[in-house]
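Order of listing sets the numbers, starting from 1, for every ligand and every atom in it.
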Amino acid sequence: MSTDRYQTILLFGPPGVGKGTQGKILHEVPGFFHSSTGDIFRNLDAQSELGKLFFQYSSRGELVPDDVTMRIWHQNVYAQSILQMFKPNADLLVLDGLPRSVNQANVLYRYCNVLAVVHLVCKDKDALFERMRRRALKQNRVDDAKPDVIRRRFEVYEAETKPVLDFYPGESIIEVDAMGSPAEVLMHILDEVVPLQKAHFDLQTSEGAE
Ligand code: ADP
């Protein structure tokens, strides 16, 4: 199998829709590797230049500039592959929070073969607001704590991130209702993604299926 580019699925959707929740569950399943740009940024040393840059943007509900985002993400995923945490020959890469702009999608094309875009759909914006508010309390997140910042995050999603859907072929986009329980949403995602995973990896013989 060609390992030129990582075999990838995207978890796509507005802030608070549950991309991180699903990504973390999938990560526990052999053959899936979850990579979240939000988590990568939050794990930076807050006192470092990059950590400060991240805070500057996220605390306003804005996106970190594309060049910085793509560089940090690529360095991170590459390091994970060197450390054998991520095994590109055996693992489907599950991207959460990337790409968030068409420019990022263009750069990502160099590294990733996107097999499917799992678009988590939620028509009830108030429910997303409420989820984010609760998460902010639990996780001490500056980007979700203030209503104005949450509103800005939704605006940025509509203006910069949603157009990413047009970058990918219509047949690769899978819509999943995000309002069910985490288990229900997971079931729908697995229904769609497991056949793709089977088609691209021979799990019986792969090292990833320990
Ligand atoms: P959520 O899970 O609520 O959608 P994330 O944890 O993915 O949010 O992201 C938190 C913040 O990190 C974003 O508001 C943004 O400032 C920054 N960020 C995350 N991913 C990207 C990205 N691909 N491009 C630019 N900024 C990003």
Side-chain angles (χ1 to χ4, degrees), residues 6 8-27 34-46 48-77 93-112 114 117-122 124-165 167-168 176 178 182 185 189:
Y6 306 136
T8 304
I9 60 163
L10 307 183
L11 294 176
F12 192 88
V17 81
K19 302 181 295 287
T21 301
Q22 294 300 321
K24 285 187 185 85
I25 304 173
L26 287 171
H27 191 75
H34 172 225
S35 169
S36 151
T37 41
D39 288 348
I40 293 171
F41 284 139
R42 274 185 292 276
N43 281 327
L44 293 170
D45 174 357
S48 67
E49 285 308 307
L50 280 174
K52 286 182 195 159
L53 188 82
F54 166 62
F55 183 82
Q56 194 189 316
Y57 286 93
S58 64
S59 60
R60 287 189 276 127
E62 303 286 342
L63 297 181
V64 177
D66 290 339
D67 54 339
V68 179
T69 299
M70 295 315 294
R71 187 162 44 85
I72 296 188
W73 168 77
H74 187 245
Q75 284 174 352
N76 183 281
V77 83
L93 183 61
V94 178
L95 285 188
D96 153 10
L98 189 79
R100 260 180 156 105
S101 68
V102 173
N103 187 24
Q104 291 182 10
N106 268 305
V107 177
L108 197 72
Y109 182 83
R110 276 184 233 152
Y111 305 114
C112 293
V114 174
V117 180
V118 176
H119 181 194
L120 295 169
V121 179
C122 172
D124 184 354
K125 240 183 177 179
D126 292 343
L128 292 184
F129 245 81
E130 188 46 34
R131 275 191 192 180
M132 290 170 76
R133 220 183 41 79
R134 262 185 284 144
R135 177 172 72 178
L137 293 177
K138 263 201 271 174
Q139 299 178 358
N140 200 18
R141 279 183 58 157
V142 288
D143 52 347
D144 293 348
K146 298 194 196 112
D148 280 358
V149 179
I150 301 183
R151 257 191 291 281
R152 181 69 194 134
R153 296 195 66 201
F154 280 110
E155 282 170 11
V156 170
Y157 174 75
E158 290 293 329
E160 296 188 42
T161 305
K162 225 165 169 201
V164 167
L165 281 174
F167 182 89
Y168 295 101
V176 172
V185 177
I189 295 178

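Annotation for ligand 1: atoms under 4.0 Å from non-hydrogen atoms of L98 are 23 (N). Remark: ligand 1 atoms within the under-4.0 Å shell around heavy atoms of P15 are 4 (O). Below 4.0 Å from some heavy atom of T37 lie the following atoms of ligand 1, by number and element: 19 (C), 20 (N), 21 (C), 23 (N). Near K19, meaning under 4.0 Å from one of its heavy atoms, ligand 1 places the atoms 4 (O). Against a heavy-atom cut-off of under 4.0 Å, S58 is close to the following atoms of ligand 1: 16 (O). Each of the following atoms of ligand 1 lies closer than 4.0 Å to a heavy atom of E62: 15 (C), 16 (O). Near Q104, with a cut-off below 4.0 Å to any heavy atom, the atoms of ligand 1 are 22 (C), 23 (N), 24 (N), 25 (C). Residue contact check: R42 has heavy atoms under 4.0 Å from atoms 6 (O), 10 (C) of ligand 1.
Atoms CE and CG, from M70 and L98 in turn, are 4.5 Å apart once rounded to the nearest 0.5 Å.
The cationic group of R60 lies under 6.0 Å from the six-membered ring centre of Y57 and within 45° of the ring axis, placing it in a cation-pi geometry.
The only member of V64, D66, T37 that meets side chain to side chain contact (heavy atoms under 4.5 Å, CB included) when paired with R100 is T37.
Looking at Q22, its side chain never comes within 3.5 Å of a backbone N or O of L11 through a donor-acceptor pair.
Shortest non-hydrogen contact noted between A178 and V17 is CB-CG2, 3.5 Å. Of all non-hydrogen atoms in P163 and A159, the two that sit nearest each other are CG-O, 3.4 Å.
For atom 17 (C) of ligand 1, the choice among Y57, F54, W73 with the nearest heavy atom turns out to be F54. Here atom 26 (N) of ligand 1 lies nearest to V64 when heavy atoms of V149, L108, N103, V64 are compared. The residue from R135, R100, M132 that puts a heavy atom closest to atom 9 (O) of ligand 1 is R100.
Ring orientation note: the planes of F129 and F154 are close to parallel, at an angle under 30° on the 30°/60° scale.
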Practice item. Show your reasoning for whether side chain to side chain contact (heavy atoms under 4.5 Å, CB included) applies to I9 and V117. Key: CA-CA 6 Å; I9 60 163; V117 180; over 6 Å; no

